[in-house]
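Report on the structure given below.
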Amino acid sequence: SPVVPKNPFLGIPPQDENYYKTSSNTIKCKDGSATFTKAQLNDDFCDCPDATDEPGTSACPGGKFFCRNAGHAPLFLFSSRVNDGICDCCDGSDEYDGQVKCPNTCWEAGKVARDKLKKKIATYKEGVALRNKEVEQAKAAIAKDEAELSKLKNEEKVLKGLVQQLKELKEQIEKAEERERLQKEKEEKERKEAEEKATGEKSAIQREANEGQIEEKIDNEDKDVESAHDEIGVLDDSPAHQDVVDEYADHGAEDETSGDSKIEGSPVSKVEQHEGQKDEESVSTKTKDDSTHVHEINHDAGNEVSHDQPMEDGKDGSTDAEGLSKEELGRLVASRWTGNPEKETEGVSDTMDNDHEDNEKMAQDTHDEEYDGYASETDDDTGKYDDPDVEDDIDETYEDDVHDDATASYKSDAEDEVEFSDTTSPGNPSWLEKIQQTFRSILQAFKFFQTPVDKSEAARVPKEYDESSAKLSKIQSRISSLTKKLKHDYGKEMEFYSFYDHCFESKQNKYVYKVCPFKEASQLEGHSTTRLGRWNEFEDSYRVMVFSNGDKCWNGPDRSMKVRLRCGLKNEVTDVDEPSRCEYVALLSTPALCIEEKLKELENKLDLMNKEQPQSHDEL
Amino acid sequence: FKREEFRNCHQTPFCKRARSRSPGACTLTPHSISISNGDLTAKLLSKTDEQIRPLILSLSVYQDGILRLKIDEDYNHPDPPVPKRRFQVPDVVLPEFESNKLWLQRLSTETVDGESSPSTVVYLSDGYDAVLRHDPFEIYIRDKKSGNQKLISLNSHQLFDFEQLRVKQEKQDSDNNEDSGSDDNWEERFRSHTDTRPYGPQSISFDVSFYNAEFVSGIPEHATSLALKPTRGPGVEKDSEPYRLFNLDVFEYLNESPFGLYGSIPLMISHGKEGRSAGFFWLNAAEMQIDVLGDGWDAESGIELVKQKSIDTFWMSEAGIVDAFFFVGPEPKDVVKQYTSVTGRPSMPQLFSIAYHQCRWNYRDEEDVENVDAKFDEHDIPYDVLWLDIEHTDGKRYFTWDPVLFPNPEEMQKKLAAKGRHMVTIVDPHIKRDDSFRLHKEATEKGYYVKDASGKDFDGWCWPGSSSYLDMVNPEIRSWWGDKFSYENYVGSTPSLYIWNDMNEPSVFNGPEVSMPRDALHHEGIEHRELHNAYGYYFHMATSNGLLKRGGGNDRPFVLSRAFFPGSQRYGSVWTGDNTADWDHLRVSVPMILTLGLSGISFSGADVGGFFGNPEPELLVRWYQLGAFYPFFRAHAHQDTKRREPWLFGEKNTRLIREAIRVRYMLLPYFYTLFREANTTGLPVMRPLWMEFPSDEITFSNDEAFMVGSSLLVQGIYTERAKYTSVYLPGKELWYDIRTGAAYKGGKTHKLEAKEESVPAFQRAGTIIPRKDRLRRSSTQMVNDPYTLVIALNSSQAAEGELYIDDGKSYEFLQGAYIHRRFVFANGKLTSINLAPSSSSKSQFSSKSILERIILLGYSPGPKNALIEPANQEVEVELGPLMLEGGRGSSVVTIRKPAVQVSDDWTIKIL
């Protein structure tokens, strides 16, 4: 016979009891489709399509069973769990057909749950405070950044004018000097022609010697400049230091127009490219050492297939396979299924496509790093042209920065900020005024200048011009980075503002995962970096950070990463996982998610749990 | 797919030679025909001098119209002696089959009308004779009822050829140097591989004709239509390949190809207009190539043409002997019964294993497993088995666990088992060559590996890298292997863990055609070429027997295998391997599974969703809706694909997939009954329409719809955004939509609206389907749940059906511990009749389950009550839904809560 519960109202939540406990003999199905008699309530036969008549049995597939679970939290179960031989409710009310005995464990389980909840509440409480502080700081920081931005914009305007005028002046001087030089040359020539027969050869020797001296001088200066500069000098084959500085200025200028992304066509980017290639070379050499055969396959592939073309393209691959050793062939065929044989065959190296991709990837990464390094060093470097006190300042902060680096959370692209820490500090005498003053004095001196030029005065102009235009490009790059920073969505209360310059790292086995909100997420293994995604957006009301369009996956989608946020007292990445090939998921605990409303919710829940005392558990 | 990595017929010397023979080439005739040991025996001698030794022929007759023909070397011949015994596949023909042999008493000789030479005639069964014609040599079965028309014959076109074993001689070798062609005989090269042939060529080929046939079917495994298309003859492309039977691990296999896949069963079934079927089975484990010859293929040959209409086929095998079986039918079901009486009936699966399986390469770690499991519960989707692919192992060493990802395998399994769920882990035949791996060390020390041609342990490349392969043809090694599955040896295994055998073709990544070299050596000097197609079978067998041993002989093994061979049905289920997530692969899964079913392997399925690639949600949903009717229902995916568990494609798709899976769970009692039918008769769970409607010609070419048992017809939807779908419903009776109850006429093609909720499925009028409508987390919790009977009345207001129940797990049913009921509805009365033997046996099975609902389709509403006898109780009759959830039809007549015990005798009369 059907299994009918002793209590006819089993499985009904308190708020619904009145619906069932009516005086009339028939009850409507909630969806209005039919009615059933009181005798049909919980009679283990489904009469309502919406399961209204069987809240306490498993007869209706769509139903929900309510267990009170006094002492613990009440629970709704799918009706498929009723009398299935598994104790789902801690009060045991879901199993009553005798096949299994479910003891009431609500008080014990509830205690555990309450303790857990209490802990959670404690975390939230502390977290909410941290978050509030964070929000306050974020607001201040934004105000500060906005103030700085508007100030910088003013300065930019003024400085732009100055630079323009200096440029004109410089050109005038240069023209004048040119005229003067031509004049001199002409005179010299005439004189030489006159003395030609007597002293012809001597003068030539003299000139060579002079040139040699100049070059030597440049070399010396170069030694002070950091290595990247060195590279420029070498690679560009640039004969004069002057050029380097000019180009450097150009770099800055371009920086302004193209944001801080790509700088194409500038000598600097040439350096990068070259670096990249170099790196690629060294990487493949390394791979070769690790696993000669793979490189050979790669090499073979290169003969028939263009280097960029993946080898999966059937014919070429298998024609190639003819020449392989048994082991190579095995690996090759295995790689069809696995894509990444390294994973499959333990430490055995990649096949060609993969390998190639990795090389590119690594080159790209080193390139990126190189670029960063370069930028910071040059920034530092230009400091030397500025006030000496500023330079000290930089060094100090920079060191702090380096120190931060060692911790899991650190500032990444902080150089700009550091660099300009002085510009906004009110204590310092305004450098802009100084420049303006200098400029005025120069103008004065040259107001009515004529040839021949006063050499000491004339020398000041290009120097001032260089310094000012360098300064200008720095301001412009700072403006651009500030603008970019302020453009992002930092949450309802700007609670994620401090994330902007931070990266969070987590070590999982052999990988280090690095999450840089608003920038990118990456996976580091030794020296190789794989980009898991570029910043995309927040999802799910700021509970998920989405990074998409990462490095291409062999045989798979572009890599991507979702970072789930949850309330915690520290900003910490945990539990990085790859549930689906090339789709990563990480957990980031942060005070930013410790929301006050949620805290209240939890507190209410605890209150409720505390109210439900065990003695009431068998009353239904 | 990389075609050039696999040999075509032209690159395969024996195939090339055989195909170039012309009809009439055979010069053999039988001599010294006599009876010995109840068999007809004869020597086959050549009329010319090319033959080096006579061949020995024997014909045996078995019950139920089965004729067995053997042709082998004469091992008693003194000079030249046979250098080696040719391989005759052991362990496939059931030992008990031999007891079905009819001992021949007498031979009669007659000269058939219009023939010049006499024939020897043997009685085969009522209505059938087996005939051995002397010259030209031919064997056929004739049907006495149809005026001695031929039914099936061998060598009617005299294409028979048998290359005899020889020994390579130095002198001969130098002689042969002038003849470049004969180099093939002693050595074969393919790509970078060389095959030494120490005994020269040893192939066998012959023609087989099926008379009055409209089409032939069978010889799995090919991704192609159910009715086999011609591969040679007029209108067939010149370079068309024969159907190849060679077990291969084919990466991204193609749809619509005669190409050999993972398994091989050399069984062909013909079917013709009068609903007549016949079958031919060649027990041979070497590479086989089979041509289906198109009408008029032999028009140019000079020999006398066969006058009776036939479908001719040409069978070629690289090695082995002729050990062939002819099945007279007469109906398709009879052929399958006859074939499975030789090779065995499908084993009875555990109930859980016919429910839904969730697999992926790979569920990464214990946490992943826990999450996936939890998500099924969260979405109230039932599933029974969670699978772990190769990554769960410690470095692809089978029987081990990755210590980081799966540190607590027992606990993990126990957690699943607490919800009645099971787990399957993969165990492949390649053993990592790693001295610190005990299994490898032991196998090496014991000499248990297959040897290469030079006698060293064969070393090939597979998942673990350098690997060796156990020589499973040796019973001692199988037994040793079986012991590895004990709880003691397989550390971390629990009673809820079962096994998956993959890569057992065997797959060897750096071997010829991604497999083992043909000259590798097995037990007792068997060359790999001789048993290749049975390698996976032996591995499957060893594993299955290991699980049997583990469970003390009373726990039915579940082992899924990719490779298969005749007899595999006794050891577990198979699936169609690495398919692709596209509509064509969804479509071809049906003829593939149907063909397997015809060939005895009833418990089979295709990866739901497609292994390679990412299915669009619509394709995935359609695949679930179809796959829910596969005998083996498992979702699986390649590791590079995106996650595709049922809840990942939005609420609507989650609901659709849930409903598809739930339909399977509702129908589990029906499926389980069908599995029992397969277990006792060999009849497949999933059947071609023409198996149920043998004389309905419209069904002959239909392989997009299929029957589940004899009561349910399912039509897949194989196109994107289909608005309509055409369904042919055979027979004269009505068909009822299983969701709406809407009735459709039989013998008609219906154009139906394609609904997103399901693929079309119909219950045939005149049948009764048992269901369990309460859905649980897994089948385990459904044991005591009540039944619903859906009675679809035919034009005479009658119907019948069966229900089989046992403990779903043990072998107690063999002792009679089961419930088997026949339900008959006639004259307004439903009767439950006991089909189980009377309970004199010690073992008993009882069920607490009652009948909660009886639904009558095709019964006009009106009655209010029904009377239950013998209890003499009245119950209500009302209108109710056909399906509690997901149904969309009008109300149907429902007997509410009859509450009779399902195990009892009773009648219910509608008042």
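Protein chains get the first letters and strands the later ones, always in sequence-line order, with residue 1 at the start of each.
Between the side chains of Ser58(A) and Arg776(B), a donor-acceptor pair is found at a separation under 3.5 Å. For the residue pair Tyr665(B) / Asp384(B), a side-chain donor-acceptor distance below 3.5 Å is found, with atom types taken as modelled. Inspection of the Thr393(B) and Glu391(B) side chains reveals no N or O donor paired with an N or O acceptor under 3.5 Å. Side chains of Tyr511(A) and Gln523(A): no donor on one and acceptor on the other come within 3.5 Å.
The residue among Glu878(B), Gln781(B), Arg643(B) with the most heavy atom pairs within less than 4.5 Å of chain A is Arg643(B). Note on Arg662(B), Met782(B), Arg364(B): by heavy-atom pairs under 4.5 Å with chain A, the leading option is Arg364(B). Most heavy-atom pairs under 4.5 Å with chain B, from the set Asn509(A), Asp577(A), Val333(A): that is Val333(A). For chain B, the option among Gly62(A), Pro61(A), Pro49(A) with the highest count of heavy-atom pairs below 4.5 Å is Pro61(A).
Neither the backbone nor the side chain of Asp575(A) comes within contact range of chain B, judged by heavy atoms closer than 4.5 Å. Contacts of Ala59(A) with chain B are made by both backbone and side-chain atoms, with heavy-atom separations under 4.5 Å. Asp47(A) touches chain B through its side chain: at least one heavy atom from C-beta onward sits under 4.5 Å away, while N, CA, C and O do not.
Ring geometry, His430(B) versus Tyr469(B): the interplanar angle exceeds 60°, so the pair is classed perpendicular (tilted spans 30 to 60°).
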